[in-house]
Amino acid sequence: MKEKINISMPSLKEAKLRRNLDVSIVRYKIEDKYKTLGLNKTYYIFTYGCQGNEADSEIMAGILEGVGYKKSTDPMNSDVVLLNTCAIRENAEQRIWGVLGQLKGRKREHPDMIVGICGCMPQEENATKKIIESYDVDIIFGTHNRHHLPELISKAYESKAKVVEVLSNEGLILEDAPKVRESKHKAWVNIMFGCDEFCTYCIVPYTRGRERSRQKDDIINEVKDLVKNGYKEITLLGQNVNAYGKDLGTDYTFGDLLYDLDKTGIERIRYTTSHPRDLDLKTMEAMRDCKSVMPHLHLPVQSGDNDILKIMNRKYTYEQYMSKINKLRELVPDISITTDIIVGFPNETEEQFQNTLKLVEEAKFEGAFTFIYSKREGTPAAKMPDSITEEEKHDRLNRLIEKTNEGYLRGHQRFVGKVVPILVDSESKNGEGMLCGYSPNLKLTHFKSNDKSLIGKIVNVKITEAKTWFMIGDLVED
Ligand code: 5AD
Ligand code: SF4
């Protein structure tokens, strides 16, 4: 096996301790010695998981292009291949082992290829051990070390050893990093990093570190820049955006940020993800008052049973959740609400599951990401005994999906006959001569048009048909 350079290894225990309470802002600058590192070389990044990882990949692409690498479309023929991984559920990890297996064969033919694994998986000690022992990977780095990428690659070239740098318990915020954004009209904007909630099933607080907010001026300047460059839509990112600012020691909150960003001239603002306990009145009022804040809220509920919510450490009840969304509907009557739900949490009874179904009915969700509980080593729930069979878990998931699908369809049906503004994303895969994009309520919409110059523009579409997963309409010419 290759020699290993251990700069630092992950520790879930260390990550939980929140020992490093200082948040340092690191302003990225390419060191002169790395400026030509990637000259005449190519890179490819596989991205798995949440929007946070997509945003991180855009930064890593920016850093790589900043040192000369060019983007490739073929991972198997690239000089640097990075896998930006997700650890949230076991099946997310299974996919990564599959790709690593394919790359192993390719690396045998091309020993100079650098394979790097980064993101959430390396933050788990068991995963990192398995990667080191079983796969031919050159660099392994976590969520806190992206800015060291040129240095890590350079070390791997020089030493031909495995370079491992995974920091636990970090509190840094990376500013001024170059980005290669995937879209020319929609942009991710991180407003905070990490999570301090410690929901008992979730690995994120361990892999992403403590909750830390960017300075508001850094965020506002980034958005002003995006407006200048013709961007139409931003999505503000954080594990719990409603906690924005809590760590900064001022009384400036997420609601204030929405009001300020509305003044930048950006046409559409979205945000994800929210925590029901922290969603406050000011945010709801901003949704009502700010024209640019879109009428859609993703508000993960996870379960409709108060006992399960308590064991999950979610810190709200069925009744409190409903009261928040009822208030929001009073202020923003047109809003679409979507959610995340976990079934089969350890020892969940049929009756408790029925409470989830009841909540789904009552909350009138227009969409949901539904998951079977996945045991994550190192989290409190992993130690809870579990008596539910796999068959029962799948059966609950299917019954839940049946219900949530009704919500998707209902959410689309209510727009039939109406004219809605669609931000056009791309050509549609739904048929020749069609384009597609999203409405303010985040409804995917397909319409007939051969005019590709509409991509990136907001056009009016009259909705003629509602399906479960999308709407169909006719372009309304000015
Ligand atoms: N098992 C299943 N689903 C999970 N999620 C987080 N952790 C787990 C887990 N261990 C889900 C939650 C969260 C979404 C991003 O992923 O519903 O909101
Ligand atoms: Fe995980 Fe809970 Fe934090 Fe969301 S709020 S990232 S579910 S710990």
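All ligand and atom numbering here is 1-based and tracks the order in the structure. Residue numbers count from 1 along this sequence. Any value given below was found using the heavy atoms of this structure, including those in side chains, with hydrogens, waters and symmetry copies removed.
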Looking at Ile372, is its backbone amide N or carbonyl O close enough to the side chain of Lys393 to form a donor-acceptor pair, meaning the two atoms are under 3.5 Å apart? no

Where does Tyr201 meet ligand 1, judged by heavy-atom distances below 4.0 Å: at the side chain, the backbone, both, or neither? both

Relative to each other, are the rings of Tyr48 and Phe46 parallel, tilted or perpendicular (30° and 60° limits)? parallel

So does Met121 get a backbone contact from the side chain of Thr85, meaning a donor-acceptor N/O pair under 3.5 Å? yes

Heavy atoms, side chains only, cut-off 4.5 Å: are Ile337 and Lys364 in contact? no

Does the salt bridge (charged side-chain N to carboxylate O under 4.0 Å, His left out) test come out yes or no for Glu93 and Lys130, once each step is laid out? CA-CA 12 Å; Glu93 297 196 350; Lys130 182 167 167 184; over 6 Å; no

For the side chain of Arg410 and the backbone of Phe365, is there at least one donor-acceptor N/O pair under 3.5 Å apart? yes

Taking the side chain from Tyr408 and the backbone from Lys467, do they hold a donor-acceptor pair closer than 3.5 Å? no

What are the protein N/O/S atoms, named by residue and atom, that sit under 2.8 Å from atom 1 (Fe) of ligand 2? Cys202 SG

Checking the N or O distance criterion of under 3.5 Å, is ligand 1 in contact with Ser374? yes

Contact between ligand 2 and Arg314 is defined here as a heavy atom of the residue under 4.0 Å from a ligand atom; is it met? yes

Gln302 neighbourhood, listing ligand 1 atoms whose heavy-atom distance to it stays under 4.0 Å: 12 (C), 13 (C), 17 (O), 18 (O)

Quick one: which ligand 1 atoms are inside 4.0 Å of a heavy atom on Arg376? 10 (N)

Spell out, as yes or no, whether a donor-acceptor pair under 3.5 Å connects the side chain of Asn347 to the backbone of Ser387. yes

Residue-level breakdown please: for Lys375 versus ligand 1, do any non-hydrogen atoms fall below 4.0 Å on the side chain, on the backbone, on both, or on neither? neither

Short list, please: which atoms of ligand 1 are under 4.0 Å from a heavy atom of Tyr373? 1 (N), 2 (C)

Please determine if Lys216 forms a cation-pi arrangement with Tyr252, meaning its NZ or CZ atom is less than 6.0 Å from the six-membered ring centre and no more than 45° off the ring axis. yes

In ligand 1, which numbered atoms sit nearer than 4.0 Å to a non-hydrogen atom of Arg89? 1 (N), 2 (C), 3 (N), 4 (C), 5 (N), 11 (C), 16 (O)

Atom indices of ligand 1, in the order listed, that fall short of 4.0 Å to a heavy atom of Ile342: 3 (N), 4 (C), 5 (N), 12 (C), 17 (O)

What's the separation between atom NE2 in His446 and atom CG in Leu444, rounded to the nearest 0.5 Å? 4.0 Å

State if Ile203 counts as touching ligand 1 under the rule of any non-hydrogen atom under 4.0 Å. no

Is the positively charged end of Lys104 above the ring of Tyr135, judged by distance under 6.0 angstrom from the centroid and angle within 45° of the axis? yes

Atom 15 (C) of ligand 1 sits nearest the protein heavy atom Asp340 OD2, 3.7 Å

